[in-house]
Amino acid sequence: MKTRLTSSRHFALLGAIALASGCQTLAPTEKMADFNQLYASGNYQAAADSALQSAGGLSTEKQPELLWSLQAGTALTASGQFALSNQVFDAAEDLAKEEDTEHLVRKGFEKLTSTLVNNNLNRYSPTVYDGVMVNTYKALNSMFLADAQNARIEFNRAADRQRRAEEHFRSKIQAQKEKLSEEQVKAEAPAPANGYQPNRAEAEKTVYQAYPELQEWQVYPDFVNPYTDYLHGLYFMLGSSDKDDLGKARDSLRRVAGMNPNNPAVKTDLQVVNNLIRGTWRKQKLNPAVWVIFENGLGPEIEELLVPIPLFLVNDKVEYSQLALPKLKLRDQAYSHLELFAGNKPLGKTEQLASLDRVVQTEFKKEFPYKVTEAVISTIAKGAIQYEARRQGGLAGALAAGVYQAATTRADKRIWSALPKEVQVARIRPPANRKLTIKSPGLAEPLEVELPDSQFSIVYIKASAPGSQPIYQIAGY
């Protein structure tokens with residue numbers, strides 16, 4: 001009688017965990033879908049309001065949520081609220097620091113949660129490129145606010161994050177290896193008497209067969225983000241005549257040129273900064289120029305891939321066995337390119353500078369083996385629960401445990417979805433009347449942009465989905 005009561009309590013607990021897992025993941029998924037729809041349509045103000053509400057608002061009484069802060073900050077930049085965007089991104093940076101230094105007790109709890117349920121119940125863990133892009137957007141916001149001091153600070157921080165990315169990632173991977181090693185020993189220690197013998201190697205082999213695209217991705221070297229590097233180089237080329245600053249600009253532009261050898265804007269900028277350093281040219285004597293920076297489309301989303309593991313466990317010891325893993329889903333460009341005109345006179349067109357798809361793929365590919373191991377360990381642990389439930393509770397126990405594993409086997413689909421798919425750039429001479437017309441195949445109405453009366457101008461354009469009306473912001477130097 002005592003055994004039956006204990007088993008009944010265990011089955012009730014399994015059901016409660018499954019229910020809690022479903023409730024925790026459903027509402028955020030629906031909210032994110034609503035945000036993504038607003039953002040893709042170009043309704044950036046409404047998207048920002050939605051994200052801020054989901055983040056917990058701007059009140060200091062409640063800690064905001066990191067991922068929603070990232071979404072809100074991007075939408076605020078697109079809607080022209082640069083100071084508020086920086087405020088939200090500041091909060092996001094603080095949250096990311098807390099995530100890096102979280103208490104050991106919480107880390108232990110989140111480790112247990114990811115094994116017995118899934119990562120969706122844990123806090124969002126920021127990627128390396130998240131941190132780089134936060135500082136990039138804060139620098140961009142400061143440029144639009146004509147705040148040279150803070151633009152300099154944020155570009156230096158972004159560059160420093162890029163330099164430390166490999167080291168940071170190596171440390172993160174090592175910590176993850178140690179965590180997984182501990183869990184692996186526990187999960188794979190079979191009890192010979194009960195006949196439960198997992199086959200982890202077969203499970204991992206099956207997973208990799210479901211991800212053939214990993215071998216095809218053209219990733220960036222050393223976690224370099226060409227968008228960040230280009231803006232960094234452009235800022236220090238335009239904002240200073242100091243040789244140290246021009247040296248920073250040259251270093252960044254060289255890296256970008258190495259990844260974009262045929263981009264005419266990058267080639268010209270590198271030539272200009274080289275001549276400025278040599279003293280051959282003086283900045284005051286340079287021809288006026290306009291840079292059009294085009295954030296095009298939307299970066300990857302994550303969808304869930306369920307991978308059945310038919311050989312994962314020997315004979316028929318469990319009722320259900322599969323893995324849930326994240327899979328990148330690439331989205332469309334808004335427009336193939338932008339065409340620039342002075343009246344009816346063509347001035348040039350934008351060409352790709354950086355693929356944010358590749359930035360995301362670079363880190364995803366590096367981290368993927370550990371995601372697989374983590375998912376396998378979770379399935380091993382849940383398989384052990386299934387086996388024990390069958391042994392103690394018969395068919396009823398097996399079914400309850402099967403429902404528990406099916407309900408809790410969920411991939412973590414959270415990602416900063418407001419990032420662009422790619423960034424394009426063009427460098428042109430400004431029209432004599434300072435009026436720039438921007439067209440594109442598929443764009444219903446051309447953009448008419450009035451340029452400031454300055455030697456140098458940066459026109460930032462964003463379009464999130466095919467057919468959406470682009471928005472623009474301008475900074476003059």
Side-chain angles (χ1 to χ4, degrees), residues 77 80 82 136 139-156 159 227-254 256-257 260 263-295 338-343 345-351 353 423-438 447-462 471-477:
T77 294
F82 309 121
T136 302
L140 196 60
N141 288 335
S142 297
M143 289 172 66
F144 293 130
L145 292 167
D147 183 350
Q149 181 178 356
N150 278 314
R152 170 182 287 269
I153 289 170
E154 296 302 333
F155 274 126
N156 281 334
Y227 185 26
T228 297
D229 265 3
Y230 184 72
L231 288 178
H232 177 271
L234 191 59
Y235 172 80
F236 281 101
M237 183 178 76
L238 299 181
S240 175
S241 295
D242 180 84
K243 284 210 169 181
D244 286 342
D245 285 346
L246 291 174
K248 291 179 182 180
R250 179 172 61 185
D251 290 344
S252 289
L253 292 172
R254 274 178 175 169
V256 179
N260 294 272
N263 188 295
V266 176
K267 289 168 70 173
T268 300
D269 289 332
L270 185 56
Q271 180 186 10
V272 168
V273 77
N274 279 331
N275 279 292
L276 289 173
I277 289 173
R278 294 190 196 103
T280 309
W281 295 350
R282 294 178 57 198
K283 190 173 296 183
Q284 295 82 354
K285 300 294 185 180
L286 292 177
N287 290 324
V290 177
W291 287 263
V292 176
I293 308 289
F294 176 33
E295 287 196 0
L338 300 179
E339 298 168 354
L340 314 176
F341 295 85
K345 178 185 176 183
L347 301 175
K349 66 176 184 177
T350 58
E351 297 186 25
L353 170 72
V423 179
Q424 299 185 4
V425 65
R427 188 188 202 275
I428 60 171
R429 294 284 296 274
N433 63 358
R434 317 299 294 183
K435 293 182 179 180
L436 179 65
T437 300
I438 300 174
L447 281 181
E448 301 291 345
V449 177
E450 188 158 347
L451 299 170
D453 188 17
S454 55
Q455 184 181 10
F456 307 121
S457 303
I458 296 175
V459 181
Y460 167 85
I461 299 175
K462 186 175 187 67
I471 58 92
Y472 69 91
Q473 313 290 345
I474 302 175
Y477 285 86

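For reference, positions follow the sequence shown, starting with 1.
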Judged by modelled atom types alone, do [X] and [Y] share a side-chain donor-acceptor pair under 3.5 Å?
X	Y	value
Y230	D269	yes
S240	D245	yes
Q455	Y477	no

So how far is it from [X] [atom1] to [Y] [atom2], rounded to the nearest 0.5 Å?
X	Y	atom1	atom2	answer
W281	N287	CH2	CG	8.5 Å
K435	T437	NZ	OG1	9.5 Å
K248	M237	NZ	CE	15.5 Å
E339	I438	CD	CD1	11.0 Å
N141	T77	CG	OG1	3.5 Å
E450	N433	CD	CG	8.5 Å

Problem - Sub-4.5 Å side-chain heavy-atom contact between I461 and V292 - result: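 Yes, their side chains come closer than 4.5 Å.
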
Practice task
Answer whether the closest heavy-atom distance between the side chains of L253 and R250 falls below 4.5 Å.
Solution key: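 Counting from C-beta outward, L253 and R250 never come under 4.5 Å.
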
Exercise for the section: Specify the closest pair of heavy atoms between S252 and D229, including all atoms of both residues, with the distance to one decimal. Expected result: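 Reported closest heavy-atom pair: CB-O, 3.3 Å.
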
Problem - Exercise: identify the closest heavy-atom pair between A265 and R427 - result: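 Closest approach of A265 to R427: CB-CB, 3.7 Å.
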
Problem - Sole candidate of I428, L447, V449 that passes side chain to side chain contact (heavy atoms under 4.5 Å, CB included) when paired with L340 - result: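 Among I428, L447, V449, the one that satisfies the side chain to side chain contact (heavy atoms under 4.5 Å, CB included) with L340 is I428.
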
Practice task
Return the set of residues passing side chain to side chain donor-acceptor pair (under 3.5 Å) with T228 (not counting sequence neighbours), or none when no residue passes.
Solution key: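 T228 satisfies side chain to side chain donor-acceptor pair (under 3.5 Å) with T136 only.
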
Handout entry: Residues in ring-ring contact (aromatic ring centres under 6.0 Å, His included) contact with F456, at least two apart in sequence or another chain
Key =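 With sequence neighbours excluded, F456 shows a ring-ring contact (aromatic ring centres under 6.0 Å, His included) to W291, given in chain and number order.
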
Handout entry: Candidate pair L451 and V459, rule side-chain contact (heavy atoms from CB on, under 4.5 Å), full reasoning
Key = CA-CA 8 Å; L451 299 170; V459 181; 3.7 Å; yes

Practice task
Please check if atom CD in E448 has more than 12 non-hydrogen atoms from other residues, nucleotides or ligands closer than 6.0 Å.
Solution key: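 Correct, the count exceeds 12.
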
